[in-house]
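The sequence lines fix the lettering, A, B, ..., with proteins before strands; numbering per chain opens at 1.
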2 protein chains.
Amino acid sequence: MALRHAVLAALLDGEYSGYQLAKAFDIGVANFWHALPQQLYAELAKLEKDGLVAGRQVVQETRPNKRLFRVTAAGRAELENFAAAASKPSFIRDDLLVKVQTADRIGTASVIEQLEERASAADAKIELLGALLRQLRGDADEEEFLLDGERIGPYLTCLRGLAFEGEHRDWCRRIAAVLKERLAIRAER
Amino acid sequence: MALRHAVLAALLDGEYSGYQLAKAFDIGVANFWHALPQQLYAELAKLEKDGLVAGRQVVQETRPNKRLFRVTAAGRAELENFAAAASKPSFIRDDLLVKVQTADRIGTASVIEQLEERASAADAKIELLGALLRQLRGDADEEEFLLDGERIGPYLTCLRGLAFEGEHRDWCRRIAAVLKERLAIRAER
DNA sequence: GCATCATACTCAACAATCTGATTAGTCAGA
DNA sequence: TCTGACTAATCAGATTGTTGAGTATGATGC
């Protein structure tokens, strides 16, 4: 019952279709939850059945029709209960880390490559998030926005995403360098 | 098929029973994968059936008997394939982040509390990981150990865990402070 | 002397997530 | 004009992960 709340939280900013939500889950929302479109459509259907969101049909000429959803009063109440309940600790779950655990013995060269790819991907994500943050805070500087801004929730979660990506990138680059250096030392001997 | 490889990677350091493995998944291995004991026992059974690990019974006097597992040649080959394959990007999935997304509107006070609890939990984890790292590298300093050490895989993943916890803690404290400050400002008005 | 913790593991039921395919019209570029 | 990408969604099936309970013995603490 957690995707449920992630969807409600994302929908708090306005009316979105399943498709738009899927996009959001690829960028901003991805900072706190990840889900595939199929899951979102399924979850929206359940949320509507339970009366936590309300959908309305929008007929379009040049595009397929779509359904826009918004959070109902019951949905807001559900979020309140959720916010008050205890949350389970977060944890990392990453294929690449599993590989690094074995990288001093198994598949070193390939892992180095993947670390560098990851670091580049993180660079791209960092730029994207930086742009998103600038957009969210408008003209204000960060301090000011955080204290006076209307809607800072998405900004705060983006900050987390940004920090995560930055640190992930640094770690990838450092570990790639260490593994390379070790390969070089062992080649010399 | 990812827990599979996490178990193989963890088992690379020696022979472990399901129970010991469960402990490892609570501390060091938790830096790259999380799993409950039930899953581990089930996965070990599957791995043994597939010939990727081999188990042997150890009869104990004062404790229940146990089965110790080690990675077979086929298991090592499986890890090699895994290391060479592409890995999917990692992502955060965190209840608390979902709450922060809504925290400027919903459940602010409770979320502040939870952020502070998380920060304290992260402090504890950081100390634990620090100790684990010191233990892994023995007398050597980090630079030296990373270049000359025998088995640095677990050390590298712990470094990631440490960085993650540190940054998580900083973010939690900062966000808690921001939310508090906003409450105070709004109370004044 | 009783409660609780640690070792060691198992089973069943359920919920959540992922994989992969399918439909169908529009629009931009080679 | 063909190709591929974008909008908008749905379906079935498989895999993974969680919840919760249960078994049995020895050790430790109050």
Worksheet item: CG of Leu44(A) to OG of Ser17(A): how many Å apart, nearest 0.5 Å?
Response: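 Answer rounded to 0.5 Å: 9.0 Å.
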Fill in: Whichever hydrophobic residues join Phe91(B) through chains of side-chain contacts under 4.5 Å
none
Worksheet item: So which residues get pulled into Val58(A)'s cluster when ILVMFWY side chains under 4.5 Å apart are joined, directly or through others?
Response: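 Members other than Val58(A) - counting any ILVMFWY side chain reachable under 4.5 Å - are Leu68(A).
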Between [X] and [Y], is there a side-chain N and carboxylate O pair less than 4.0 Å apart?
X         : Y         : answer
Arg151(A) : Asp104(B) : yes
Arg173(A) : Asp123(A) : yes
Arg4(B)   : Asp50(B)  : yes

Fill in: Lys NZ or Arg CZ of Arg160(A) over Phe164(B) ring: under 6.0 Å, within 45°
yes
Item to complete: Spell out, as yes or no, whether a donor-acceptor pair under 3.5 Å connects the side chain of Glu165(A) to the backbone of Glu127(A).
Response: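 Not at all, since once roles are kept as given, no pair shorter than 3.5 Å links the two residues.
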Fill in: Whether Gln114(A) side chain and Ala85(B) backbone form a donor-acceptor pair below 3.5 Å
yes
Practice prompt. May I ask you to verify if any side-chain N or O of Lys88(B) is less than 4.0 angstrom from the OP1 or OP2 atom of dT19(C)?
Written response: yes
Discussion item. Check this one for me: any side-chain N or O of Tyr41(A) less than 4.0 Å away from OP1 or OP2 of dA9(D)?
Written reply: yes
I need the [atom1]-[atom2] distance between [X] and [N], as an integer number of Å.
X        : N       : atom1 : atom2 : answer
Lys66(A) : dT26(C) : NZ    : P     : 16 Å
His34(A) : dT19(C) : NE2   : C1'   : 12 Å
Leu40(A) : dT7(D)  : CG    : P     : 15 Å
Leu44(A) : dA9(D)  : CG    : C1'   : 11 Å

Practice prompt. Just compare dA8(C), dC18(C), dT19(D) and give me whichever is closest to any side-chain atom of Leu36(A).
Written response: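 Ranking dA8(C), dC18(C), dT19(D) by closest atom to the Leu36(A) side chain puts dC18(C) first.
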Worksheet item: So which of residues 16-23 of chain A are in contact with DNA chain D, with a heavy-atom cut-off of under 4.0 Å?
Response: Ser17(A), Gly18(A), Tyr19(A), Lys23(A)
Worksheet item: Looking at Gln20(A), Arg56(A), Arg70(A), Arg67(A), which one forms a side-chain hydrogen bond (donor to acceptor under 3.5 Å, both in side chains) with Glu15(A)?
Response: Arg56(A)
Which pairs would a plain distance check flag for residues 22-42 of chain B, meaning a side-chain donor or acceptor within less than 3.5 Å of a matching protein atom at least two apart in sequence or in another chain?
unit_1   : atom_1 : unit_2   : atom_2 : d
Asn31(B) : ND2    : Gly28(B) : O      : 2.9
Gln39(B) : OE1    : Leu36(B) : N      : 3.3
Tyr41(B) : OH     : Tyr19(B) : N      : 3.3

Measure all distances between protein nitrogen or oxygen atoms and nitrogen or oxygen atoms of nucleotides 25-27 of chain D, and list the pairs falling under 3.5 Å.
unit_1  : atom_1 : unit_2   : atom_2 : d
dG26(D) : O4'    : Thr62(B) : O      : 3.4

Table of protein N/O atoms under 3.5 Å from nucleotides 12-16 of chain D N/O atoms:
unit_1  : atom_1 : unit_2  : atom_2 : d
dT16(D) : OP1    : Met1(B) : N      : 2.3

